[in-house]
Amino acid sequence: AELLEYINDAIEDLVQWIAGIWPQYWLRTGQANKVTGDIVVGKESYDLARNCYMVLAVAVTDSDGITTLLEALEFERIFDSDADGYFLLDNDVWIYPVATTAVTNGLTIYYVPRLTRITATTTDLPGFTANYRQLIKEYVVIKAKARQEERSSDFAAIYGKLRDQLAAMIARTNLPKDASWKVPRRWWL
């Protein structure tokens, strides 16, 4: 039970770390959930999915079939008459400007779902590629070892290294498929 708790802690921490470093990870790897809905004339707010942990992107499609990715608005900006984007409040996404034309399936919300807790019978890690299994294992070892040691500060460096590994893995994920490690040519040589 204790190890399962550590695994679940590791997964939750990884989700938060990835969200802080590069939230587009889930879009880039195709692991984001999406929900579509109708745009209703005069309607400002639309419900988020019940399992939504973090909104990644909001897109609207107009009656001509042109899709636009909306920008997130700061709270103060929603009061401006020319506000153009979306704002999250409670369990709703607010779209500005308010629609003047109804569009069937015109609203698409991409999001990171709340992850289900790992149990003794779970066979796969939700929301992660196989690359992160080693990080999760290391996290669990650190937590278990730190529980037995009197000086948990000894493990702070290892914990920091784990976060650095995560940042490096995200950087690799963000490279285009045809990219390789090249030294840029200096034009002055």
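Taken from CD1 in Ile39 to CG in Asn105, the straight-line distance is 9.5 Å, to the nearest 0.5 Å. From Leu3, atom CG reaches atom CG of Asp9 across 11.5 Å, with rounding to the nearest 0.5 Å. Annotation: the span from Leu88 atom CG to Met54 atom CE amounts to 11.0 Å, rounded to 0.5 Å. Separating the NZ atom in Lys34 from the OG1 atom in Thr36 is a distance of 7.0 Å, to the nearest 0.5 Å. Distance CG/Leu135 to CG/Asp13: 12.0 Å, rounded to 0.5 Å.
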Problem - From CA spacing to verdict: side-chain contact (heavy atoms from CB on, under 4.5 Å), Ile11, Ile136 - result: CA-CA 7 Å; Ile11 291 170; Ile136 292 171; 3.9 Å; yes

Handout entry: Evaluation steps, side-chain contact (heavy atoms from CB on, under 4.5 Å), between Val93 and Ile95
Key = CA-CA 6 Å; Val93 59; Ile95 306 296; 4.1 Å; yes

Exercise for the section: Apply side chain to side chain donor-acceptor pair (under 3.5 Å) to the pair Thr61 and Thr67, showing each step before the final yes or no. Expected result: CA-CA 4 Å; Thr61 303; Thr67 300; 2.8 Å; yes

Exercise for the section: Mind running side-chain contact (heavy atoms from CB on, under 4.5 Å) on Leu70 and Tyr96 for me, showing each step along the way? Expected result: CA-CA 9 Å; Leu70 299 179; Tyr96 298 97; over 6 Å; no

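A continuous path of Ile, Leu, Val, Met, Phe, Trp and Tyr side chains, each step under 4.5 Å between heavy atoms, connects Leu89 with Leu73, placing both in one hydrophobic cluster. No continuous path of hydrophobic side-chain contacts links Leu69 to Val103 [ILVMFWY only; heavy atoms under 4.5 Å]. A continuous path of ILVMFWY side-chain contacts below 4.5 Å connects Val60 to Val40, so both sit in one hydrophobic cluster. Both Tyr6 and Leu4 are members of a single hydrophobic cluster when ILVMFWY side chains are connected at heavy-atom separations under 4.5 Å. Val112 and Val58 are not part of a single hydrophobic cluster, where members link through side-chain heavy atoms under 4.5 Å apart.
Of all heavy-atom pairs spanning Val98 and Glu44, the tightest one is CG2-CG, 3.3 Å. Shortest non-hydrogen contact noted between Ala102 and Val41 is N-CG2, 3.3 Å.
Exactly one of Tyr110, Tyr53, Tyr111 qualifies for a side-chain contact (heavy atoms from CB on, under 4.5 Å) with Asn33. That residue is Tyr111.
Judged by distance alone, with hydrogens and angles left aside, the side-chain atoms of Asp92 form no donor-acceptor pair with the main-chain N or O of Trp94 at under 3.5 Å. In this structure a side-chain-to-backbone donor-acceptor pair under 3.5 Å is missing from Asn91 to Leu48. Judged by distance alone, with hydrogens and angles left aside, the side-chain atoms of Asp80 form no donor-acceptor pair with the main-chain N or O of Ala83 at under 3.5 Å.
Open room surrounds CD on Glu71; 12 or fewer heavy atoms of other groups in view lie less than 6.0 Å from it. For NZ of Lys43, the number of neighbouring non-hydrogen atoms (other residues, nucleotides, ligands) closer than 6.0 Å is greater than 12.
Aromatic rings of Phe87 and Phe75 (six-membered ring for Trp) have centroids within the 6.0 Å cut-off, being under it.
Contact annotation: the side chain of Ile109 never approaches that of Tyr86 to less than 4.5 Å [non-hydrogen atoms, C-beta and beyond]. At a threshold of 4.5 Å between non-hydrogen side-chain atoms, the residues Leu107 and Tyr46 count as touching.
Asp84 has no carboxylate O lying under 4.0 Å from a charged side-chain N of Arg77, or vice versa, which leaves the two without a salt bridge. A salt bridge does not link Glu12 to Arg114: none of the charged nitrogens lies less than 4.0 Å from a carboxylate oxygen.
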